[in-house]
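The structure appears below as structure tokens.
So you know, we letter chains A, B, ... as the sequences are listed, proteins then strands, and number each from 1.
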Amino acid sequence: MAADNDFVKEITKKSVDFSAWYVDVVRKAELADYSPMKGMMVIRPYGYEVWELLRDQLDRMFKETGHRNAYFPLFIPESFLQKEAEHVEGFAPEVAWVTSGGGEVLEERLAVRPTSEAIICSMYAKWVKSWRDLPLLYNQWANVVRWEKVTRLFLRTTEFLWQEGHTVHATAEEAEEETLRMLGIYRRLAEEYLAIPVVTGRKSDSEKFAGAVRTYAIEMLMPDGKALQAGTSHNLGQNFAKAFNIRYESREQKLEYAWQTSWGSTTRLVGALVMTHGDDSGLVLPPRVAPVQAVIVPISAGNWRETVLLHAQRLLDELKAAGVRAHLDDRDTFTPGWKYADWEMRGVPLRVEVGPKDIDKHQAVLVSRVDRKKSFVPWDGLAAEVKRQLEAIQGELYARALAFRDANTHDARSYAELRDAMAGGRGFIRCGWCGGRDCEAKVKADTSATIRVILDPPPPGFDACVACGGKAAHAVLFAKSY
RNA sequence: CGGGGCGUAGCGCAGCCUGGUCAGCGCGCCUGCCUUGGGAGCAGGAGGUCGGUAGUUCAAAUCUACUCGCCCCGACCA
């Protein structure tokens with residue numbers, strides 16, 4: 001093997017073939033596997049546990065901001081989908097249709113929801129009567145289906161899990177406020193829990209959600225220099241209210257169309273975690289979303305079940321009592337070295353080793369997944385030290401990802417600079433944009449980069465459009481996207 | 001949906017060009033002994049309709065056609 005620390009085998013090197021590495025890690029760490037159904041994956045328990053952890057954080061933040069969960073039907077009658085013109089046009093190409101049921105051909109075919117605006121708005125039209133009913137702040141945890149041509153584990157699958165928030169407000173201002181509030185929650189999830197820095201901002205018209213007035217997104221920069229849209233928040237204005245007749249009577253006794261938002265994030269976030277933090281040894285999970293935060297590996301010797309294991313068990317109890325998601329690997333069929341590699345591949349942030357030597361000294365050995373740095377910690381106060389190190393690892397991972405993002409964010413003052421950047425290591429490219437669709441399309445055609453977000457407030461110094469040289473209306477972030 | 005690549009045991013692969021002891025290797029798995037501080041050792045053993053279908057042939061993992069799936073690069077999307 002090439003390097004001293006090259007302990008995990010069977011995984012393609014991240015630096016050699018990023019895509020192959022990604023698939024290897026997802027499958028070897030048992031996050032997910034391919035299913036017999038093309039383009040659809042099975043999320044295995046370990047991967048689902050990661051999803052549950054980040055989902056629980058989102059759910060908590062939703063509830064703290066007054067949102068409630070509800071559930072709407074999987075099927076949407078075609079006529080409902082067609083009520084909002086841009087919406088149906090945007091989604092039609094990737095809708096899966098149900099055309100028969102119970103052995104009979106249906107009179108009207110049913111869409112398997114690609115998103116639920118249509119079915120939810122039809123209900124909102126019934127429920128919203130008065131200004132006193134507003135705001136209506138609902139969220140749904142569900143699966144959706146989009147018939148994608150090309151799929152990738154977690155990043156783009158035919159079926160995926162997500163949450164979709166759908167809110168109704170009395171005024172445009174409240175709707176915009178809600179749209180930005182939820183964007184902020186996505187940012188918090190990404191930065192505080194997933195340890196992934198994001199850029200937030202508004203989408204250009206060509207990139208916005210079908211049927212929205214304004215779309216905002218959080219964008220992450222992946223190690224291969226491509227951007228990943230990791231959460232979107234839409235201000236729907238009155239588009240759907242008018243299409244579905246969602247009206248309320250105001251304080252002034254006037255019948256008004258309501259203002260709406262919708263916002264979503266998906267299991268794609270798990271893929272973002274893998275790509276951002278993983279290394280040649282496999283997965284690296286930020287402690288706050290790691291199903292196992294600390295794994296105890298007993299160093300067995302002689303009748304270890306009567307000696308070492310008892311101490312290991314006691315430490316496990318202590319860690320659990322302190323609120324650490326800890327696991328004791330008491331399998332006797334594997335050597336310690338094998339277990340080290342195994343748990344590293346699964347991304348467990350902290351390893352706790354206990355062996356005969358440690359028992360003599362009343363200590364344990366802590367090893368960080370990030371840099372394999374060892375520390376020898378007395379049993380007394382071990383749980384506190386584990387928690388401290390887990391927080392430190394959380395911070396290190398964020399700092400590392402932020403440093404990468406910053407090192408790969410470049411300014412382009414000319415078209416040549418933009419083209420050079422995209423031809424090289426790619427990354428986030430900041431530049432001026434006149435706001436014209438033609439200029440946006442030209443950049444995409446020449447470099448395959450698209451506007452990820454419009455920067456607000458605009459950083460200074462981007463006065464000219466990178467494509468046409470005309471006066472810039474915005475400073476934008478270009479990148480090639482997933 | 002275009003261009004390219006790959007499907008052989010749970011995983012990773014060789015064999016294919018030039019059809020004929022090619023059903024093989026490493027890891028893993030099972031049994032036993034012995035071990036255990038970075039994927040231990042020895043001995044024995046189980047496991048595969050060579051992605052699928054149809055052809056060519058005395059004979060197909062190998063040649064041909066079709067088909068399914070996965071990966072990569074583009075166009076479309078969370």
Phe160(A) side-chain proximity, nearest of A78(B), G74(B), G37(B): A78(B)
task: Decide yes or no, distance alone: a donor-acceptor N/O pair under 3.5 angstrom between the base of G38(B) and the side-chain of Glu344(A).
output: yes
- prompt: Salt-bridged, Asp342(A) to Arg346(A), with N to O below 4.0 Å?
  reply: yes
Candidate nucleotides G74(B), C11(B), C1(B), ranked by approach to the side chain of Lys28(A) - the nearest: C11(B)
query: Under 6.0 Å from the CG atom of Asp380(A), do we count more than 12 heavy atoms belonging to anything else shown?
result: no
query: Across the strands shown, which category fits Asp358(A) at heavy-atom distances under 4.0 angstrom: base, sugar-phosphate, nothing?
result: base
message: Classify Lys339(A) by what it touches in the nucleic acid, base, sugar-phosphate, or nothing, heavy-atom distance under 4.0 Å.
response: nothing
- prompt: salt bridge (Lys or Arg N to Asp or Glu O under 4.0 Å) with Glu178(A): which residues, sequence neighbours excluded?
  reply: Arg181(A)
message: Between Arg288(A) and Glu192(A) (side chain of the first, backbone of the second, donor and acceptor by atom type, cut-off under 3.5 Å), is there such a pair?
response: yes
- line: Note, RNA chain B 5' to 3' with Watson-Crick or G-U pairs under 3.5 Å encoded as ( ), [ ], | and . gives ((((((((.[[[[.)....(...]]]].(((((.......))))).....[[[[[..)....]]]]])))))))....
query: For Ile359(A) and Arg27(A), take the nucleotide of RNA chain B holding the closest heavy atom to each; which residue's nucleotide lies nearer the 5' end?
result: Arg27(A)
statement: Those residues at least two apart in sequence (or on a different chain) that pass ring pair (Phe, Tyr, Trp, His ring centres under 6.0 Å) with Phe91(A) are His87(A), Phe209(A)
- request: Please work out if Val150(A) contacts a base, only the sugar-phosphate, or nothing of the nucleic acid, heavy-atom cut-off 4.0 Å.
  value: base
Report all interatomic pairs (protein N or O, nucleotide N or O of nucleotides 34-36 of chain B) with separations under 3.5 Å.
| residue | atom | partner | partner atom | Å |
| --- | --- | --- | --- | --- |
| U36(B) | O2' | Ser300(A) | O | 2.7 |
| U36(B) | O2 | Ser300(A) | OG | 3.1 |
| U36(B) | N3 | Ser300(A) | OG | 3.3 |

query: Touch check for Val144(A), heavy atoms < 4.0 angstrom, all strands: base, sugar-phosphate only, or nothing?
result: nothing
- request: Confirm from the modelled atom types if Arg156(A) and C77(B) form a donor-acceptor pair under 3.5 Å, side chain to base only.
  value: yes
query: Residues two or more places apart in sequence or in another chain: which of them pass side chain to side chain donor-acceptor pair (under 3.5 Å) with Thr167(A)?
result: His169(A), Thr261(A)
message: Just to verify, what does Arg60(A) make a side chain to side chain donor-acceptor pair (under 3.5 Å) with, not counting sequence neighbours?
response: Gln57(A), Glu64(A), Tyr193(A)
message: With rounding to the closest Å, how many angstrom separate the P atoms on U49(B) and A9(B)?
response: 9 Å
message: Please classify the nucleic acid contact of Pro93(A) as base, sugar-phosphate, or nothing, using heavy-atom distances under 4.0 Å.
response: nothing
Contacts of Arg214(A) that satisfy salt bridge (Lys or Arg N to Asp or Glu O under 4.0 Å) - sequence neighbours left out: Glu176(A)
task: Look at all strands and tell whether Gly271(A) reaches a base, only sugar-phosphate, or nothing, counting heavy atoms closer than 4.0 Å.
output: nothing
field: All ring pair (Phe, Tyr, Trp, His ring centres under 6.0 Å) counterparts of His410(A), not counting sequence neighbours
entry: none
task: Indicate, with a heavy-atom threshold strictly under 4.0 Å, whether Leu155(A) touches base, sugar-phosphate, or nothing.
output: base
query: Which one, G37(B), C73(B), G39(B), comes nearest to the side chain of Ser19(A)?
result: C73(B)
field: Selection from C77(B), C71(B), G38(B) that lies nearest to any side-chain heavy atom of Glu148(A)
entry: C77(B)
- prompt: Trp263(A) and Phe62(A): aromatic ring centres closer than 6.0 Å?
  reply: yes
- prompt: Listed by chain and number, what are the side-chain contact (heavy atoms from CB on, under 4.5 Å) partners of Gln363(A), not counting sequence neighbours?
  reply: Asp358(A), Lys361(A), Phe376(A)
field: Of residues 436-455 of chain A, the positions that come close to RNA chain B - non-hydrogen atoms, cut-off under 4.0 Å
entry: Lys444(A), Ser448(A)
- prompt: Closer to the 5' end of RNA chain B via nearest nucleotide, is it Thr267(A) or Tyr34(A)?
  reply: Tyr34(A)
- prompt: How would you label the contact of Gln229(A) with the nucleic acid (heavy atoms, under 4.0 Å): base, sugar-phosphate, or nothing?
  reply: sugar-phosphate
- prompt: Hey, does Thr151(A) reach any base, or is it just sugar-phosphate, or nothing, if we go heavy atoms under 4.0 Å?
  reply: sugar-phosphate
query: Just checking Arg331(A): base, sugar-phosphate only, or nothing, at a heavy-atom cut-off of under 4.0 Å?
result: nothing
task: Select base, sugar-phosphate, or nothing to describe what Lys374(A) touches, counting heavy atoms under 4.0 Å on all strands.
output: nothing
message: Using the ring pair (Phe, Tyr, Trp, His ring centres under 6.0 Å) criterion, which residues pair with Tyr216(A)? Sequence neighbours excluded.
response: none
- prompt: Excluding sequence neighbours, so at least two apart, what forms ring pair (Phe, Tyr, Trp, His ring centres under 6.0 Å) with Trp259(A)?
  reply: none
